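Quick caveat: nothing in here was measured; it's all calculated off a predicted structure. Lettering of chains follows the sequences in order, A, B, ..., and the numbering in each one begins at 1.
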Amino acid sequence: GAVVSQHPSWVICKSGTSVKIECRSLDFQATTMFWYRQFPKQSLMLMATSNEGSKATYEQGVEKDKFLINHASLTLSTLTVTSAHPEDSSFYICSAGRTYNEQFFGPGTRLTVL
Amino acid sequence: EDQVTQSPEALRLQEGESSSLNCSYTVSGLRGLFWYRQDPGKGPEFLFTLYSAGEEKEKERLKATLTKKESFLHITAPKPEDSATYLCAVQAYRGGSEKLVFGKGTKLTVNP
C-alpha cells in the first residue's frame, strides 16, 4: 500500500514552453501533497504544500506564478512549470501525506529544459 | 532555522563491514525524524520514523537511533544491494502544516 505515481518520469522541452507534471496517490486519499525539487548532490527542497480544494502554500523564494500547483482531488495534484528555462532543469518529486506524519514519495520527474 | 546535517557525505564499505551514518539536527518542536533510502533517479523510500530520544527501530541490517541532537543509522554486515543515498529529515510544524526538512544525504557504496 501507499503507492504514489508521477507522470511523466522524464521530459525534455524547449525554453519558454510549459510543462505539466502529475502526481497521484494510487491506493489512499491524500489530503496534503508536497512538491520538492532536487538538484544534483543537493537535498530535497520543499517548493510548496497543497491541500485538496485550496490554494497551495509556497516556500520562500519559490515563484507561485511560475510553478502552478493544482490539487483537484484527494488523489491528484499537478505541478505546471510555466515558461520553463534551463535553470528550471531539475528532478521534481512529489509526496502524498496519508496521515500527518506519513509522507510517501513518488518516483520523481526529470525535467530538462533546452 | 531548522537544519539537518548528515555525515559523512560519502562512505565506502566492504561487504560485511559495519558502520554508522550520522544525522545531526536543530529544530524547535521536533515532530519526528525520518530516514529514507534513495536510489539514483528515484524518489525516496521510507525506512524509519523516530519520535523521541532513546527510541530505536530496526529493519533487516539497518538500525536507527535517536538522541536529542542527532540520529544514527547503523548498518550491520552490509551487502552491495544496500548501496544507495540515505536521507535524514526532520518534521516540524510550520506555517500551518507539517513539513520535512532534509539533509543532503550520505551516499553509501558497498563493494563486494
| field | Heavy-atom side-chain contact between A:S43 and B:V4 under 4.5 Å | value | no
| said: Taking B:L47 as the starting point, is it possible to reach B:L30 by hopping between hydrophobic residues whose side chains are less than 4.5 Å apart? | reply: yes
| task | Determine whether more than 12 heavy atoms belonging to other residues, nucleotides or ligands lie under 6.0 Å from atom NZ of A:K66. | result | yes
| query | Which bit of A:E59 is near chain B, if near means a heavy-atom gap under 4.5 Å: side chain, backbone, both or neither? | reply | side chain
| Atom CD of B:E15 with >12 non-hydrogen neighbours under 6.0 angstrom | yes
| message | Which one wins on heavy-atom pair count under 4.5 Å against chain A: B:K104, B:E9, B:Q6? | response | B:K104
| query | Would you say the side chains of B:Q38 and A:Q38 form a donor-acceptor pair under 3.5 Å? | reply | yes
| task | Taking the side chain as every heavy atom from C-beta outward, state whether B:Y36 and A:Q103 have any pair of such atoms under 4.5 Å apart. | result | yes
| field | Connected via hydrophobic side-chain network under 4.5 Å: B:Y86 and B:L11 | value | yes
| field | Heavy-atom contact with chain B under 4.5 Å, split by part of A:L46 | value | side chain
| Over 12 foreign heavy atoms within 6.0 Å of CZ, A:R110 | yes
| field | Crowding at NZ, A:K41 (>12 non-hydrogen neighbours, <6.0 Å) | value | no
| task | May I ask whether A:F67 and A:W35 are part of the same hydrophobic cluster, defined by side-chain heavy atoms of I, L, V, M, F, W, Y residues being less than 4.5 angstrom apart, directly or through others? | result | yes
| request: Go through the atoms of A:T49 and report whether side chain, backbone, both or neither lie under 4.5 Å from a heavy atom of chain B. | output: side chain
| query | Hey, are the side chains of A:Y36 and B:L100 touching, using non-hydrogen atoms and a 4.5 Å cut-off? | reply | yes
| remark: Scored by heavy-atom pairs under 4.5 Å with chain B, the best of A:V4, A:L44, A:I93 is A:L44
| query | Who among B:P44, B:G32, B:A89 has the most heavy-atom pairs with chain A under 4.5 Å? | reply | B:P44
